[in-house]
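Working notes for the structure below.
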Protein chains: 2
Amino acid sequence: MVTLEDVARHAGVSLATASRVLNGSTRQVGASLRAKVELAATQLGYRPNVAAQALARGAGNVIGLVVHDLVDPYFAAIADGAMRVAESRGLVVMVGTTHRDPEREIAYVSTLNAQRVCAVLLAGSRTADPHVTRRLREELDRYREGGGRVACVGQDLLDADTVVPGNAEGAAELARTLAGLGHRRFAVLAGPAGLVTARDRVAGFAGALAGLGLPAPRLVHGPFDRDGGYTAAAGLADGITAPDEGVTCVFAVNDVMAVGALAAFRDRGIRVPQDVSVAGFDDIATLRDLVPALSTVRLPLQDMGARALELALDPVEEARAELVTGEVVLRESTRRVGPQAPG
Amino acid sequence: MVTLEDVARHAGVSLATASRVLNGSTRQVGASLRAKVELAATQLGYRPNVAAQALARGAGNVIGLVVHDLVDPYFAAIADGAMRVAESRGLVVMVGTTHRDPEREIAYVSTLNAQRVCAVLLAGSRTADPHVTRRLREELDRYREGGGRVACVGQDLLDADTVVPGNAEGAAELARTLAGLGHRRFAVLAGPAGLVTARDRVAGFAGALAGLGLPAPRLVHGPFDRDGGYTAAAGLADGITAPDEGVTCVFAVNDVMAVGALAAFRDRGIRVPQDVSVAGFDDIATLRDLVPALSTVRLPLQDMGARALELALDPVEEARAELVTGEVVLRESTRRVGPQAPG
DNA sequence: CTGTTAGCGCATTCAG
DNA sequence: CTGAATGCGCTAACAG
């Protein structure tokens, strides 16, 4: 491996001079020496050792990104947004996936701390477990004590700059819109009981229903992914085919679950939206190719990832939490229904 | 930031001793001192500085991963596979996306070289441009001269261990299967002319057709993504509705293009598979939720990513290229057709 | 078993 | 403008 010293010797200059021309220092170097150094560097194929630079400078150029699952389009979009701003600033990204294990999230923050990344970005819902949340916060504090910056997209529970999706608000708006379509009896594929995002969306949805004087939705809990949505919807199938008291609309707390629900209904010959309406949340990119196209609450995922990283990188006083409002978008999977027969 | 020296002082031991207990060295340390050090470390919240470790040891624990687009399920799956084996080995992953720009791929290898990652993984098709390929290879050579390991998933064009998808073979097998269903006139959404993967799949498909004595397929080039598939298919629509000489089956050289094609046909009232059969390639995860379910050639994407990283990490003599055979899987998007009326 | 001492590759004072 | 010297945080021989 060729080092700066090799280059300096090869060019017949001092180490310091070589360093100055090769690293964009503020100091000026004479044209002739500069040329010599640059020549030697390219000839030898010199590549700076960023680890050494980071050590000497006390500041690196890598940022850490922690997501639950890269294969989930939701996180892929957020990661993509964050990586674009990272790239635009000459930063390199270290990515870790927790596969929805909070312990791994904590472990990863520790790892990123050891890597001395200049900022870490935590994407994804917090868990309701106060114990793990406390431990995660402690780990983050340790990291921040060392000068690290942290930002998240999700709930503002970590004392960090946070891009907060309007989960409750969006779900409430969705509920009102759906009610406006004539729906009265709802089911909610509610995800895991311990996931704050899922919880907030359920609460927002149920709260809006209550505000409208409508009956409480039927809740079915399960995993936060596609198969979780499938299973939950399958368990619902009976309630939907029953002519009386049947739910006419099901809200899955995220799109991938809604996709699973669509599949479950399809497999059982239940037509969407004729037999039941279905709505999701997030507006992941793959949605537009579904049949029927899924109604949902749109979140600007890439922007959120990008914005979160900006928050981490440009420490603004008093700009802790930024709320992002979701926009209800109605597509083919939800339809207007006639007034219900009185119970 | 608390350093090893702080810990050593706090524990009343030497730097070396502290290092030995905290970093899993082979050397043994007495129980009492060990306890003191561990206590001091946790009390102070010590986190090793991996950059310094890497410098001192001359070996890091980060690997680099370069993909074209993280949002594309194809790359997400490969990345996921690679990241799983990385994690199992205690390695951390630096991810870069090229957004299909070969220049960025070269630049990223340079960056990863500067980071002194212990291995780099290049995923995605090569371009047919010999000039960029040469420059990329030079950059890789420089990296390897420094002791770096490289592996790819794609074509074996970089003098590196490579997991090679059986593109031509899989496409050929697909062509034969489709012909067996009675199809005679095909169209191929061929992707960019300069992308080797696209090229190989087209060639394999067309070659098999020729071998069967069937007419050459109609080729439509375009971008390698969903919208490219949409546009290409839209341009085809006339040829399909024409009763005579019309193609009965279209092969998109990858699944995301096929998804776009499905959308284009749907928007035009062309039914799949009644009016035209459609097949893709890759078997990305999102496929199972499409209607109609898409026929394709299955590639074990995660395994390929995982395997490639293993190749990079466990340098085996003479195991340069590993071919992965794709498996044709027929679903609802392709149907059997009656014998064609003679021209 | 434990402590001392050199570097790893580079940025940066500080002199000249 | 240029060079010599110091230290970043840690590991790995060497001595005790």
Side-chain angles (χ1 to χ4, degrees), chain A residues 1-38 40-41 44-62 113-118 143 145-148, chain B residues 1-38 40-41 44-62 113-118 143 145-148:
Chain A
M1 182 94 301
V2 26
T3 75
L4 224 208
E5 190 175 351
D6 297 330
V7 176
R9 184 172 25 246
H10 201 80
V13 302
S14 77
L15 218 183
T17 300
S19 172
R20 292 196 265 256
V21 358
L22 259 25
N23 76 353
S25 138
T26 37
R27 309 281 302 266
Q28 288 305 308
V29 172
S32 82
L33 285 194
R34 162 177 299 278
K36 281 180 164 177
V37 173
E38 281 166 345
L44 300 177
Y46 170 72
R47 289 287 176 276
N49 182 330
V50 275
Q53 287 186 164
L55 224 202
R57 277 204 259 251
N61 73 322
V62 14
N113 190 354
Q115 297 285 346
R116 295 298 188 274
V117 298
C118 58
Y143 170 63
E145 282 167 15
Chain B
M1 181 95 301
V2 27
T3 75
L4 222 209
E5 190 174 351
D6 296 330
V7 175
R9 185 173 22 248
H10 201 80
V13 301
S14 78
L15 219 186
T17 299
S19 172
R20 292 196 265 256
V21 357
L22 261 24
N23 77 352
S25 137
T26 37
R27 309 283 300 268
Q28 287 306 306
V29 172
S32 83
L33 285 194
R34 162 177 298 279
K36 279 180 168 177
V37 172
E38 281 167 345
L44 299 176
Y46 170 72
R47 288 287 177 277
N49 183 331
V50 277
Q53 287 185 164
L55 225 202
R57 278 203 257 252
N61 73 321
V62 14
N113 191 355
Q115 297 285 346
R116 297 297 189 276
V117 298
C118 57
Y143 171 62
E145 282 166 15

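Since the structure is predicted, the reported quantities are computational estimates derived from the model, not experimental observations. Here is how names work: the chains are called A, B, and so on, in the same order as the sequence lines, proteins then strands, and each is numbered from 1.
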Any side-chain heavy atom of B/Leu22 sitting closer than 4.5 Å to one from B/Tyr46?
-> yes

Distance in angstrom units between A/Arg47 CZ and C/dC8 P, rounded | 22 Å

Would you indicate, yes or no, if C/dG3 has its OP1 or OP2 atom less than 4.0 angstrom from a side-chain nitrogen or oxygen of B/Ser14?
-> yes

Residue pair A/Met1 / B/Arg116, side-chain heavy-atom distance below 4.5 Å = yes

Can you check the B/Arg20 CZ to D/dC10 C1' distance for me, whole Å?
-> 13 Å

Closest nucleotide of DNA chain C for B/Thr17 versus for A/Val2: which of these residues is on the 5' side?
-> B/Thr17

Given D/dT11, is OP1 or OP2 found less than 4.0 Å from the side-chain N or O atoms of B/Ser19?
-> yes

Taking side chain as C-beta onward, heavy atoms only, is A/Val13 less than 4.5 Å from A/Val37?
-> yes

NA contact type, B/Leu15, heavy-atom cut-off 4.0 Å: base, sugar-phosphate, or nothing?
-> base

Indicate whether OP1 or OP2 belonging to C/dA11 is found under 4.0 Å from a side-chain N or O atom of A/Gln53.
-> yes

Among C/dG3, C/dC1, D/dG9, which is the nearest nucleotide to the side chain of B/Gln28?
-> C/dC1

Looking for any heavy atom pair under 4.0 Å, which part of the strands does A/Gly58 touch: base, sugar-phosphate only, or nothing?
-> nothing

In whole angstrom, what separates B/Leu55's CG from D/dT11's P?
-> 11 Å

Rounded to the Å, how far apart are A/Arg34 CZ and D/dC1 P?
-> 10 Å

4.5 Å side-chain heavy-atom contact, A/Val29 and A/Lys36 | no

How long is the line joining CD of A/Glu5 and P of C/dA11, in whole Å?
-> 13 Å

Would you say B/Leu44 and B/Arg9 make side-chain contact, with heavy atoms under 4.5 Å?
-> no

Respond yes when some side-chain nitrogen or oxygen of B/Asn49 is under 4.0 Å from OP1 or OP2 of D/dC8, and no when none is.
-> no

Could you give the CG-to-P distance, from B/Leu4 to D/dG7, as a whole number of Å?
-> 19 Å

Mapping B/Ser32 and B/Arg57 onto DNA chain C by nearest heavy atom, which one lands closer to the 5' end?
-> B/Ser32

To the nearest Å, give me how far apart CD (B/Gln115) and C1' (C/dC8) are.
-> 17 Å

Figure out the CG/C1' separation between A/Leu44 and C/dG9, and round it to whole Å.
-> 15 Å

